Amino acid sequence: MFRSRSKDEKAPTGKVTADLSTQPRNPQAPKGRPTPKRSEAQSQRRRAVTPTLDRKEAMRRQREARRADLARQREALATGDERFLPARDRGPVRRFVRDFVDSRFFVAEMFLPLAVVILVLSVIQVGQMQTIATMLWLGVIVLIVVDSIGLSIRLKKQLKQRFPNEPKRGAVAYALMRSLQMRRLRLPKPQVKRGERP
């Protein structure tokens with residue numbers, strides 16, 4: 001009952017020739033290969049985990065990829081290529097808003113040059129010049145506010161007609177920010193001339 005089996009009673013475990021990956025193995029059947037030593041198993045695991053690239057090489061490749069993405073984005077901002085534009089400039093609604101703003105003249109475009117002129121006038125130590133500078137400031141601000149209100153009303157109307165089912169959130173603010181920039185400095189670059197209707 002508790003004695004060890006004789007040599008002839010022991011079942012011979014021949015080598016398994018079948019491919020183990022293709023046939024499902026019975027859990028009770030012998031596996032047909034010796035269990036690897038712990039040191040061997042750990043070394044195989046370490047070899048599998050260690051990356052082929054060292055850390056510096058991986059960082060260098062990541063920097064190069066980032067540089068290439070930025071170059072593509074700059075080119076897209078110059079040409080208007082939709083595929084590589086930043087997320088805030090993508091989509092048919094944003095393209096229409098850009099064309100809508102670029103096809104018209106707005107007083108806000110001239111804000112920076114006018115601000116320089118008004119600043120120079122306010123520095124001159126003559127009473128009348130400082131009064132003129134103050135009046136110019138007020139006039140420019142009023143014109144920009146009126147122009148911006150007109151832009152937002154007209155743009156909302158056009159967006160409702162052309163894009164009834166598209167999300168239009170942030171489109172008016174996008175248009176107002178673009179109208180504040182000088183035409184030459186706008187990004188993405190204007191794709192329509194003044195007077196053309198988008």
Side-chain angles (χ1 to χ4, degrees), residues 21 43-120 136-137 140-198:
S21 61
S43 67
Q44 284 178 353
R45 265 202 311 266
R46 281 196 200 105
R47 221 177 295 130
V49 168
T50 52
T52 55
L53 299 173
D54 63 339
R55 197 170 164 196
K56 283 185 181 178
E57 181 68 17
M59 291 294 284
R60 188 182 65 77
R61 287 192 180 183
Q62 202 172 25
R63 269 197 308 272
E64 284 176 3
R66 197 177 310 125
R67 214 172 282 138
D69 286 345
L70 286 172
R72 267 202 309 261
Q73 204 172 76
R74 269 195 303 273
E75 190 179 338
L77 286 170
T79 60
D81 188 0
E82 287 277 335
R83 293 172 299 164
F84 303 115
L85 284 176
R88 61 153 200 222
D89 297 316
R90 271 189 227 139
V93 173
R94 295 297 167 108
R95 185 176 185 86
F96 174 76
V97 168
R98 286 196 302 273
D99 292 346
F100 187 86
V101 172
D102 294 337
S103 65
R104 290 165 173 77
F105 174 78
F106 295 97
V107 180
E109 285 180 51
M110 302 306 295
F111 177 73
L112 284 175
L114 287 171
V116 171
V117 170
I118 293 168
L119 193 63
V120 169
L136 276 172
W137 265 122
V140 167
I141 289 169
V142 167
L143 283 172
I144 288 173
V145 168
V146 169
D147 215 9
S148 299
I149 291 169
L151 166 66
S152 59
I153 290 169
R154 288 194 309 265
L155 183 61
K156 281 179 184 176
K157 188 178 175 184
Q158 288 286 324
L159 287 173
K160 277 182 186 174
Q161 286 176 356
R162 293 189 184 225
F163 306 100
N165 301 322
E166 294 277 336
K168 295 174 276 294
R169 187 177 178 191
V172 175
Y174 181 71
L176 292 173
M177 289 303 296
R178 192 166 177 87
S179 71
L180 280 169
Q181 298 166 343
M182 292 174 72
R183 184 182 169 88
R184 203 175 285 176
L185 304 176
R186 290 175 185 166
L187 287 175
K189 296 278 185 194
Q191 302 295 314
V192 294
K193 293 178 181 177
R194 281 211 172 105
E196 284 183 19
R197 288 290 173 256

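Keep in mind that what you see is a predicted model, and the values were worked out from it rather than measured.
A distance of 8.0 Å separates CG of D147 from CZ of F105, quoted to the nearest 0.5 Å. Remark: R98 CZ to L85 CG distance equals 6.0 Å, nearest 0.5 Å. Distance check: R88 CZ to M177 CE gives 9.0 Å after rounding to the nearest 0.5 Å. Within the model, atoms CZ of R72 and CZ of R83 stand 9.5 Å from one another, a figure rounded to the nearest 0.5 Å. One finds the OG1 atom of T79 at 7.0 Å from the CD atom of Q191 (value rounded to the nearest 0.5 Å). Summarising the geometry, atom CZ belonging to F111 is positioned 7.0 Å from atom CD1 belonging to I141; distances are rounded to the nearest 0.5 Å.
Two residues are said to be in side-chain contact when any heavy atoms from C-beta on lie closer than 4.5 Å; L136 and L114 fail this criterion. Within the 4.5 Å cutoff, the side chain of R178 has heavy atoms near those of the P188 side chain.
Applying the salt bridge (charged side-chain N to carboxylate O under 4.0 Å, His left out) test between E64 and each of R66, R61, R60 identifies R60 as the sole match.
Of all heavy-atom pairs between S103 and V192, the closest is N-CG2, 4.0 Å. Contact detail for V93 and A171: the closest heavy-atom pair is CG1-CB, 4.1 Å. Between E82 and G91 the shortest heavy-atom distance is OE1-N, 3.1 Å.
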Could you please spell out the steps behind the side chain to side chain contact (heavy atoms under 4.5 Å, CB included) verdict for D89 and Y174?
CA-CA 9 Å; D89 297 316; Y174 181 71; 2.5 Å; yes
Pair E109-R186, side chain to side chain contact (heavy atoms under 4.5 Å, CB included): steps then yes or no
CA-CA 10 Å; E109 285 180 51; R186 290 175 185 166; 3.2 Å; yes
Can you check side chain to side chain contact (heavy atoms under 4.5 Å, CB included) on K189 and L187, steps first, answer last?
CA-CA 5 Å; K189 296 278 185 194; L187 287 175; 4.2 Å; yes
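A donor-acceptor pair under 3.5 Å is formed between the side chain of K168 and the backbone N or O of F163. Here the side chain of R183 pairs no donor or acceptor atom with the backbone of P190 at under 3.5 angstrom.
The cationic group of R162 does not satisfy the cation-pi geometry with F96, failing either the under 6.0 Å distance to the six-membered ring centre or the 45° limit from the ring axis.
By the neighbour-count criterion of 12 heavy atoms within 6.0 Å, atom CZ of R197 is densely surrounded, having more than that number from other residues, nucleotides or ligands. The neighbour count for R169 CZ, taken as heavy atoms of other residues, nucleotides or ligands under 6.0 Å away, does not exceed 12.
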